[in-house]
Amino acid sequence: MLAKIIACQPAVPGTAQLMVRLRGDQALLSNLTFILCNNEQNYLQPDGSWSPAQHWFTVDGGYPLANGSGFRIGSTTLDPLLANASQVQIQIKLESGETRNTTLQLVRDELFSSDARGQTGNYSGSSVLAKPESEAESEPVVEPVMQPEVAPLPPMSANSESRNQSKSSRVPMIAALLILLLIVAGALWWFLGRNTATTPPVAADKQQETPVLPASPKKTSETPANSDCSPANLDSQNELDFVQSCVQQKLGSDKLLAIIQAAKKANKCGVAQRLYANRAQGGDSQVAVAYASEYDPKYHQPSECFKEADQDTAVYWYETALQSEPGNQKAKERLEELRK
């Protein structure tokens, strides 16, 4: 399966086309149900956020596009994809109930988010011209503004002076009153403190009479065995938890590929796809080449998780391997062969 987001013609900010091409099936899809998962194993939500909870999108109105089926998508889907730096996996659900996974390809150079609206008027190439200024614009004459005359303030009367003096004379009286209150408060505290000191500590005695329960033994903080990234836990954990445990443990390439092969044999296709994509996108060229080989017509071995070869997808993952390791000989040779 090939899934790609391409620009509309002419390009419109916040709008694009989702093209899906199924191998071995040329029928036009009238609608499409899909989920989108990023490199952190979070799923796109209707509000544009990413969450661990899966959310299935459904779009209608399929039309022929690039030997596949095309669907128009809006800013709710396009903007988060353009803002997301990592690659995204798309899983579609066919009317028969079958699900297929692949990496979603974005032609970023031709796509515009909804934030680009208003910058140009025609996105087919011409820009919006600014409104020309009039040829003869005379500078506005600024007339002097007459400032109103401010009447002089009347002289302060003797009564106001006396009021100010009376206010200042009250300050010592207030300070003396505050000192007196502090003295009374200290005296009350001293007498009350003596009374409380002479009373027997009944509450303390009652607390001492209460029997002390033995402390419960501390639980050892051991990692449960069922959280390990091992083939034995493929059936005991859901796919998302298992993938997260494998990502956190940062296994070596050979060990991770062994886990992926065990997931394929157990028909845990979501686990195999996500582990492949996560490590390949993280710069592991060995895993990226192995992932490409699953789709390469030369190495493809039909399985429940990889039913058919897909030359376009194989090219994509060989290119990903070369981005991490430009000297990878196998990726170079296979790209040259597949591009003939």
Side-chain angles (χ1 to χ4, degrees), residues 1-8 12-22 25 28-63 65 68-108 111-115 234-248 263 267-282 291 304-305 313 316:
M1 181 183 77
L2 176 65
K4 182 184 295 186
I5 292 183
I6 59 180
C8 300
V12 178
T15 305
Q17 302 177 96
L18 171 59
M19 188 278 294
V20 175
R21 186 189 305 161
L22 302 179
D25 189 354
L28 178 66
L29 301 176
S30 59
N31 58 70
L32 184 69
T33 300
F34 63 94
I35 57 176
L36 298 171
C37 181
N38 64 12
N39 199 27
E40 288 77 28
Q41 306 305 316
N42 291 323
Y43 297 88
L44 183 62
Q45 303 297 311
D47 60 355
S49 63
W50 298 88
S51 168
Q54 289 187 359
H55 178 80
W56 290 90
F57 293 89
T58 300
V59 289
D60 300 319
Y63 52 89
L65 178 64
S69 301
F71 300 90
R72 189 65 61 93
I73 61 173
S75 58
T76 303
T77 305
L78 180 61
D79 288 357
L81 291 175
L82 292 177
N84 188 62
S86 64
Q87 296 171 344
V88 174
Q89 291 288 308
I90 181 172
Q91 179 179 351
I92 69 170
K93 183 186 296 182
L94 303 178
E95 293 182 353
S96 61
E98 179 188 359
T99 59
R100 298 192 186 185
N101 299 1
T102 190
T103 300
L104 181 63
Q105 302 180 24
L106 278 77
V107 187
R108 293 182 179 269
L111 298 172
F112 298 92
S113 68
S114 60
D115 295 336
L234 281 168
D235 294 328
S236 61
Q237 297 184 35
N238 61 52
E239 291 187 356
L240 183 59
D241 291 340
F242 186 85
V243 170
Q244 289 178 343
S245 65
C246 293
V247 172
Q248 293 173 358
N267 293 334
K268 301 291 184 179
C269 301
V271 172
Q273 293 273 0
R274 291 173 182 171
L275 290 179
Y276 262 139
N278 178 273
R279 182 60 67 86
Q281 293 166 1
Y291 198 12
E304 185 65 25
C305 298
T313 304
Y316 178 82

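Remember, it's a predicted structure, so these values are computed and weren't measured experimentally. Heavy-atom basis, side chains included; hydrogens, waters and symmetry copies ignored. Nothing fancy with the numbering, it's 1 onward along the sequence.
For the pair Gln89 and Ala277, the tightest heavy-atom approach, listed with the atom from each and the gap, is NE2-CB, 3.2 Å. Residues Thr15 and Cys8 approach most closely at CG2-SG, 3.8 Å, considering heavy atoms. Taking every heavy atom of both residues into account, Ser113 and Pro13 meet most closely at O-CB, 3.2 Å. When all heavy atoms of Ala16 and Arg72 are compared, the pair lying nearest together is O-CD, 3.2 Å. Listed here is the closest heavy atom pair of Trp56 and Ile92: CZ3-C, 4.4 Å. Heavy atoms only, all atoms of each residue included: Leu44 and His55 are closest at O-CB, 3.7 Å.
For residues 29-48, the set of pairs meeting the ring-ring contact (aromatic ring centres under 6.0 Å, His included) definition, not counting sequence neighbours, comprises Phe34-Phe57.
The closest side-chain heavy-atom distance from Lys93 to Ile35 is not below 4.5 Å. Between Thr77 and Leu18 the shortest side-chain heavy-atom distance does not fall below 4.5 Å. At least one side-chain heavy atom of Pro52 sits less than 4.5 Å from a side-chain heavy atom of Asn42. Leu22 has its side chain within reach of Leu29: a pair of non-hydrogen atoms, C-beta onward, lies under 4.5 Å apart. Looking at Cys269 and Gln91, their side chains never come closer than 4.5 Å, going by heavy atoms from C-beta outward.
The CD atom of Glu95 lies 10.5 Å from the CG atom of Leu32; values are rounded to the nearest 0.5 Å. Going from atom CH2 of Trp50 over to atom CD of Gln41 covers 11.0 Å, rounded to the nearest 0.5 Å. For the atom pair Thr102 OG1 and Arg21 CZ, the distance stands at 11.5 Å (nearest 0.5 Å). Note that CD1 of Ile73 and CD1 of Ile5 are 4.0 Å apart. Values are rounded to the nearest 0.5 Å. In this structure, NZ in Lys268 is found 12.5 Å from CD in Glu304, a value given to the nearest 0.5 Å. Of the inter-residue distances, the one linking Gln105 atom CD with Ile90 atom CD1 reads 11.0 Å to the nearest 0.5 angstrom.
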Apply side-chain contact (heavy atoms from CB on, under 4.5 Å) to the pair Asn278 and Val243, showing each step before the final yes or no.
-> CA-CA 9 Å; Asn278 178 273; Val243 170; 5.8 Å; no

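With hydrogens and angles ignored, the 3.5 Å screen pairs a side-chain donor or acceptor of Ser245 with a backbone N or O of Phe242.
Residues Tyr63 and Gln17 bring a donor and an acceptor atom of their side chains to less than 3.5 Å of each other.
Applying the salt bridge (Lys or Arg N to Asp or Glu O under 4.0 Å) criterion to Glu98, with sequence neighbours excluded, gives Arg100, Lys307.
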